[in-house]
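A quick write-up on the structure given underneath.
In the text below, chain A, chain B and the rest are named by the order of the sequence lines, each starting its count at 1.
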There are 2 protein chains.
Amino acid sequence: MTQDTARTSPRRDSSSITLQDIAAHSGVSRSTVSLVLRESPLVAERTRLKVQRAIKELGYVYNRGAAALRGSRTSTLGVVVYDIANPFFGAMVAGIDAALNKEGYVSFLANSEDSPERQQRFLERMREHSVDGILLCPAEGTPPSLIDTLAEWQLPCVQVLRHIGAPPFDYASSDFVLGVHQAVDHLVALGHRRIAFLGGNAEHSATQERWQGYTEALAHHGLDYQRLVRGNVTRSAGLELIETLMRETPRPTAVICHNDLVAFGAMLGLKRLGLTPGQDCAVIGTDDVEEATLGDPALTSVATHPYAIGEEAARLALRRIADPDGAREQVVLAPRLQVRESCGSSSTEIPATSPATAGPSLSSA
Amino acid sequence: MTQDTARTSPRRDSSSITLQDIAAHSGVSRSTVSLVLRESPLVAERTRLKVQRAIKELGYVYNRGAAALRGSRTSTLGVVVYDIANPFFGAMVAGIDAALNKEGYVSFLANSEDSPERQQRFLERMREHSVDGILLCPAEGTPPSLIDTLAEWQLPCVQVLRHIGAPPFDYASSDFVLGVHQAVDHLVALGHRRIAFLGGNAEHSATQERWQGYTEALAHHGLDYQRLVRGNVTRSAGLELIETLMRETPRPTAVICHNDLVAFGAMLGLKRLGLTPGQDCAVIGTDDVEEATLGDPALTSVATHPYAIGEEAARLALRRIADPDGAREQVVLAPRLQVRESCGSSSTEIPATSPATAGPSLSSA
DNA sequence: TTCTAGATTTAGACCCATCCAAAAAGATGC
DNA sequence: GCATCTTTTTGGATGGGTCTAAATCTAGAA
């Protein structure tokens, strides 16, 4: 059974078995073999089995490159993030990978390092590789026209976390406005009146949304004190910013941070100032990364579900690839405040209307 | 200049301009255009300029799929990691991306979640996509024969962090044995005599190497106390394991942890037991992830340079692709002990013989 | 038995670049 | 001006699938 290959596929090494070889070996045409490979219902059961046996026996390997050349799809997707070293993106990429894997897709990953130039280069490369679509977390300073360019290229693009250009576009993210609202509500309920916001710099939609949520929520509760401290979104930025902030008069009694990294930095900064996070100043982060649970004190954080965002983004892309002219969709997941020790209350979870895993809140534009 | 396309490339949309169109527009043959694209020195300067102008004018997009079908390389690489959500891998992937990007390569990324089945599926898919090579961090329980299978497939494979099968193979990693030696040396110098090792479970080479380093170093210093606590390599595992450990008599005065996550968990566990990390028990981690710097106390850690490992692995893969039959190489980077507060000494850096960025220590097999 | 709708199968063009051998053009020497 | 080298350019085959339209086969109807 393994020795008869000498006659049917003479002197070819295993990696160059083609449809033609399978066809010859099983006594049908190349076209039929192709249909079998693509699981076409047209093929008669007997033929199918016969061909499948030949495929096994000869150790045939499907050549997706060749298929893509004539067909229209490559089953590949380009994914661009701006900081893969950030654990948030690690989780998100895991979600993307899981969703794509189910559909037989694979993804090219690139790290733009928030450089529009690197991002541009990668996108061009993706175009040359004929990816079926793009998942884009736009780098800081990406020109809004990029979206139009991609449209001209006929390359479906789902924006993730940040968005540029004008709607309608496909977009998957977390509801950052709502997240900050939840944080403010919680702090107000605990009696805080002077709540600051820490971190965020540029003109990302994701930053703007947080700031918008902050301003809105303060207004909603009729609070006068408003202090928005711009800055980077890293640990060390959090450390520096909190020091500046705590020297002011009056001091805030609580800070909400752009992300968990800033929050960790802020907590460390408080300790260095001889203050106790959660007691002298409440701290709330955003993202709910894994280390939030086991911090000291454990960090209260607005969970933004990166894995789920990744899954949704991938699903959205697959949907758009299947129907390029369908209505653009926005999947904005509801975040969820995860209460722990860093804001002084006991470690419980705020009862939420949404189920344990935040369900997607859909809206199409 | 943009309107004359009507004659030279009638009613084609921009994305289907081919070599033929360029050839027609610039009055040369398809072959010549192809040579220009590949920057062949054969082409006369005048011709080259003429063709390049046509390429620009028509908005030609190189079709790598078609090129790969006839040519031999796809300029793609498959990358398999087992936990992309772990910040260590995020940094490593960033390093891979940077090194590949320079050479015009792009990478398919997959997350095996330490499942050999998922890993297998992905590798088969990569084969179908005709990647030029594979970077593999083998999933736990990967059969050693996998390496032979890849060899049969003629798919160059560089193992990363863990290795399976018998040498010689291409491999990029950190010298885990040496890392534990450094940690033990440091603790012994500080006067510790009872040093435990925390975490690690399965039969990975990476775990074995740590354990080997631990045993060797104890023997070298003539220490009797030896306590190797197996367990997962997560924060919560660290938390649990340290609690067990500190209930024993005699207690260790220092623990070295499989990675930083375990170390963070261990420090938290110590605090919960009312003990002070760095005072009642020294803690040393492995990896030196970003949050080590800003922990409380800051964590002493064996820096394993994930970004550099990623770069080296990618370079190794490119080298193997260029010369498939060349001698296999191992790039094992020297780690470096980053001393901070968690082991009681002041926050300084151990003078090392290696330069600031650990240089690769090369050896070929 | 002949005819026809439906089920299967197939030939051959096609996707778009690369490769190779051979032709064409240019340069040089006598 | 002619033969000989170089330097450039090129036609046509090739890689391995998919697509379309047409050919073939089947079973039930007439």
Side-chain angles (χ1 to χ4, degrees), chain A residues 9 12-52 54-55 58-76 104 127-130 132 154, chain B residues 9 12-52 54-55 58-76 125 127-130 132 154:
Chain A
S9 64
R12 284 172 170 289
D13 74 75
S14 74
S15 62
S16 63
I17 303 283
T18 79
L19 275 199
Q20 190 57 264
D21 298 313
I22 305 297
H25 190 267
S26 54
V28 298
S29 74
R30 217 169 65 254
S31 305
T32 302
V33 179
S34 177
L35 290 173
V36 170
L37 283 173
R38 285 173 290 153
E39 302 182 335
S40 163
L42 290 179
V43 183
E45 182 69 5
R46 278 194 39 181
T47 314
R48 198 165 57 70
L49 292 174
K50 191 168 57 178
V51 171
Q52 285 173 333
I55 288 173
L58 298 190
Y60 169 74
V61 179
Y62 186 60
N63 183 329
R64 283 176 191 274
L69 185 54
R70 186 61 169 84
S72 45
R73 291 197 353 275
T74 55
S75 296
T76 60
R127 189 186 185 200
E128 296 181 350
H129 277 289
S130 318
D132 294 341
Q154 316 226 36
Chain B
S9 65
R12 283 171 170 287
D13 73 74
S14 73
S15 62
S16 62
I17 304 282
T18 78
L19 275 200
Q20 189 58 262
D21 299 313
I22 305 298
H25 191 265
S26 55
V28 297
S29 74
R30 219 171 56 257
S31 305
T32 302
V33 179
S34 177
L35 291 173
V36 171
L37 283 172
R38 286 174 291 152
E39 303 182 333
S40 162
L42 290 180
V43 183
E45 181 70 7
R46 276 195 41 182
T47 314
R48 198 166 57 71
L49 292 173
K50 191 168 56 179
V51 171
Q52 285 173 333
I55 288 174
L58 298 189
Y60 169 75
V61 179
Y62 186 60
N63 184 329
R64 282 174 194 275
L69 184 56
R70 191 65 174 82
S72 47
R73 287 195 357 273
T74 55
S75 297
T76 60
R125 212 164 272 165
R127 191 188 184 198
E128 294 181 352
H129 277 288
S130 318
D132 294 341
Q154 317 227 36

Mind calculating the distance between [atom1] ([X]) and [atom2] ([N]) to the nearest angstrom?
| X | N | atom1 | atom2 | result |
| --- | --- | --- | --- | --- |
| A:Leu69 | C:dC14 | CG | P | 14 Å |
| B:Ile22 | C:dA17 | CD1 | C1' | 13 Å |
| B:Glu128 | D:dG16 | CD | P | 15 Å |
| B:Asn63 | D:dG15 | CG | P | 18 Å |
| B:Ile17 | C:dC15 | CD1 | P | 14 Å |
| A:Arg38 | D:dG16 | CZ | C1' | 13 Å |
| A:Leu37 | D:dG17 | CG | C1' | 9 Å |
| A:Arg73 | D:dG17 | CZ | P | 17 Å |

Measure across [X] and [Y] and return the closest heavy-atom pair with its distance rounded to 0.1 Å.
| X | Y | result |
| --- | --- | --- |
| B:Ala66 | B:Asn63 | N-OD1, 2.9 Å |
| B:Val51 | B:Ser26 | CG2-OG, 3.9 Å |
| A:Arg48 | A:Val43 | N-CG1, 3.9 Å |
| B:Asp132 | B:Ser75 | OD2-N, 2.8 Å |

Quick check: do [X] and [Y] have side-chain heavy atoms less than 4.5 Å from each other?
| X | Y | value |
| --- | --- | --- |
| B:Thr76 | B:His129 | no |
| A:Tyr60 | A:Val33 | no |
| B:Val36 | B:Val28 | no |

Task: Net bend of the helix from C:dT1-D:dA30 to C:dC30-D:dG1, end axes of five pairs each, nearest 10 degrees - done: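 Inter-axis angle at the termini of the helix from C:dT1-D:dA30 to C:dC30-D:dG1: 60°.
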Task: Residue of the set A:Ile17, A:Thr32, A:Leu37 for which side chain to side chain contact (heavy atoms under 4.5 Å, CB included) holds with A:Ile22 - done: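 Answer to the side chain to side chain contact (heavy atoms under 4.5 Å, CB included) test with A:Ile22 among A:Ile17, A:Thr32, A:Leu37: A:Ile17.
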TODO: Please confirm whether the backbone N or O of A:Ser130 pairs with a side-chain atom of A:Thr74, one donor and one acceptor, at under 3.5 Å?
DONE: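 Checked: pair present.
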Open item on the list: At under 4.0 Å between heavy atoms, how does the protein contact nucleotides 4-13 of chain C? Give one character per nucleotide, 5' to 3', with B, S or -.
Closed with: ----SSBBBB
